[in-house]
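Comments concern the structure below.
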Amino acid sequence: MTVSIIFQAEERMSRTTSDLHCDILHLNRGESISELCKTKKTLYSPMVSVIGSVHTAEFMNAASQGKLDVIDKYLADGGNPNVHDELKRTALHRASLEGHTAVVQRLLEKGADINFKDRLGSRAIHWACRGGSLGVVKALKSHGADLNMRDELYSTPLHVATRTGHTSVVEYLLSSGAKINSRDREGDTALHDAVHLNRYKIVELLIVAGADTKIKNHEGLTAVQQVKQWQFDIVETLQRLEKLKGMTLVPPENNSGEK
């Protein structure tokens, strides 16, 4: 199976927020950060909001950092909870990613749109699953978040939590009725993702919960066949390297008489 750029983005959660923004821009129909910069005639800053207000930028920054006092002041002054940055990420998206449950609760109470989509079609629930905060996932669900919502790559929250390896979130989603066999744009189920990324505990959870092991992705491979294909590729590569080594290296015993 060809390694998807989806996995690359999902696996980089330990990087800076700025780097993550660049990944999403790349995923969004190939638009690059340089192209966006040319359009805006300025270097992109993740802290600059669409309306360009310093006060709004502070609000967005506070959502990422969990500063509830700043959030409260902004909202008390009549600030719009749904303002967003260049990538259409709202304060709710940011707080969800960073695991700030209290901020998420307050934003939702004050009218934040739980279904607001960023440029990749991700909702707050997708970002919460990327961040791995079970508390935030539960808070969003209690406010009506759809656990089967898809982004533009057809990824569900279960796909996202599986790719990022958040076992407790996967377990909660399964126990809360998330559709276990949903397929993304490449035809992969969460089980395909879990097997491909060696998420052994999640593989076990998915199979016990009833994941269909016979579903094929768009390459015609089941999750099990992915493993076999991967193993075959590794063996073939090792054999090729060993053959190359034998052709280029002179055996030590043939070298003993040389000066």
Side-chain angles (χ1 to χ4, degrees), residues 1 3-4 6-15 20 66 92-105 107-108 114-115 117-118 120-151 153-217 221-227 230:
M1 171 182 169
V3 179
S4 170
I6 306 172
F7 297 141
Q8 297 174 22
E10 302 289 8
E11 285 288 272
R12 293 172 185 162
M13 288 302 108
S14 61
R15 302 185 320 174
L20 189 57
L92 183 60
H93 288 120
R94 296 187 179 197
S96 296
L97 173 65
E98 300 298 338
H100 301 307
T101 306
V103 172
V104 168
Q105 291 277 18
L107 289 169
L108 291 171
I114 199 169
N115 290 315
K117 297 186 292 184
D118 66 14
L120 191 57
S122 294
R123 278 74 164 181
I125 189 65
H126 290 95
W127 284 102
C129 290
R130 284 187 179 95
S133 171
L134 184 56
V136 172
V137 173
K138 289 181 176 180
L140 291 170
K141 181 180 181 298
S142 70
H143 282 81
D146 185 349
L147 300 184
N148 296 302
M149 189 71 71
R150 296 174 182 270
D151 61 20
L153 301 178
Y154 302 164
S155 298
T156 65
L158 182 59
H159 280 105
V160 175
T162 296
R163 292 168 191 155
T164 47
H166 297 302
T167 305
S168 61
V169 174
V170 169
E171 192 169 15
Y172 176 75
L173 292 173
L174 293 173
S175 67
S176 299
K179 294 180 180 178
I180 195 170
N181 293 316
S182 293
R183 302 199 296 171
D184 65 14
R185 193 168 66 181
E186 295 184 346
D188 290 328
T189 64
L191 184 59
H192 281 91
D193 290 347
V195 168
H196 183 74
L197 295 171
N198 298 321
R199 309 289 190 201
Y200 302 117
K201 179 60 177 177
I202 294 178
V203 168
E204 182 182 356
L205 286 173
L206 291 169
I207 291 178
V208 170
D212 188 344
T213 60
K214 297 181 180 179
I215 293 178
K216 295 181 179 181
N217 61 18
L221 298 175
T222 65
V224 174
Q225 288 171 333
Q226 278 187 150
V227 178
W230 175 79

If you define the side chain from C-beta out and look only at heavy atoms, does anything of [X] sit under 4.5 Å from [Y]?
| X | Y | value |
| --- | --- | --- |
| Leu173 | Pro157 | yes |
| Leu153 | Asp184 | no |
| Ile114 | Arg123 | no |
| Leu108 | Leu92 | yes |
| Met149 | Asn115 | yes |

Which heavy atom of [X] sits nearest to which heavy atom of [Y], and what is that distance?
| X | Y | answer |
| --- | --- | --- |
| Ala95 | Leu107 | CB-CD1, 4.5 Å |
| His166 | Cys129 | CD2-O, 3.1 Å |
| Ala190 | Thr162 | O-CG2, 3.4 Å |
| Asn148 | Asp146 | N-OD1, 2.9 Å |
| Thr167 | Lys201 | CG2-CG, 3.5 Å |
| Ala194 | Val203 | CB-CG2, 3.6 Å |

Margin query: Under the side-chain contact (heavy atoms from CB on, under 4.5 Å) test against Ser96, which residue among Val104, Val103, Thr101 passes?
Written below: Val104
Next item on the list: For His93, enumerate each residue passing the side chain to side chain donor-acceptor pair (under 3.5 Å) test, keeping only those at least two apart in sequence or located in another chain.
Entry: Thr90
Next item on the list: Name all residues meeting the side chain to side chain donor-acceptor pair (under 3.5 Å) criterion together with Thr156; count only those two or more places apart in sequence or in a different chain, and write none if there are none.
Entry: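 So Thr156 forms a side chain to side chain donor-acceptor pair (under 3.5 Å) with His159.
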Note to self: Assess the residue pair Arg130 and Val160 against the criterion (side-chain contact (heavy atoms from CB on, under 4.5 Å)); give the C-alpha distance rounded to whole Å, side-chain angles, the decisive distance to 0.1 Å, and a yes or no.
What the structure shows: CA-CA 6 Å; Arg130 284 187 179 95; Val160 175; 3.2 Å; yes
Note to self: For the CZ atom of Arg185 and the CZ atom of Arg150, what is their distance to the nearest 0.5 Å?
What the structure shows: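 Atom-to-atom, Arg185:CZ and Arg150:CZ are 12.5 Å apart.
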Note to self: Measuring from atom CG of Leu147 to atom OG of Ser182, what distance do you get when rounded to the nearest 0.5 angstrom?
What the structure shows: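 If we round to the nearest 0.5 Å, Leu147:CG and Ser182:OG are 11.0 Å apart.
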Notebook entry, point to check: Any chance OH of Tyr172 has more than 12 other-residue heavy atoms, nucleotides or ligands included, within less than 6.0 Å?
Noted result: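 Counting neighbours around OH of Tyr172, more than 12 heavy atoms of other residues, nucleotides or ligands fall under 6.0 Å, so yes.
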Determine yes or no for a side-chain-to-main-chain donor-acceptor pair under 3.5 angstrom, with [X] supplying the side chain and [Y] the backbone.
| X | Y | value |
| --- | --- | --- |
| Asp188 | Asp193 | no |
| Arg183 | Lys216 | yes |
| Gln226 | His192 | yes |

Checklist line | Chi angles and distances behind the side-chain contact (heavy atoms from CB on, under 4.5 Å) call for Leu174, Leu206 | finding: CA-CA 8 Å; Leu174 293 173; Leu206 291 169; 4.1 Å; yes
Checklist line | Stepwise side-chain contact (heavy atoms from CB on, under 4.5 Å) check, Thr222 with Ile215 | finding: CA-CA 6 Å; Thr222 65; Ile215 293 178; over 6 Å; no
Next item on the list: Show the numbers, then the answer: is there a side-chain contact (heavy atoms from CB on, under 4.5 Å) between Leu197 and Arg163?
Entry: CA-CA 7 Å; Leu197 295 171; Arg163 292 168 191 155; 4.0 Å; yes
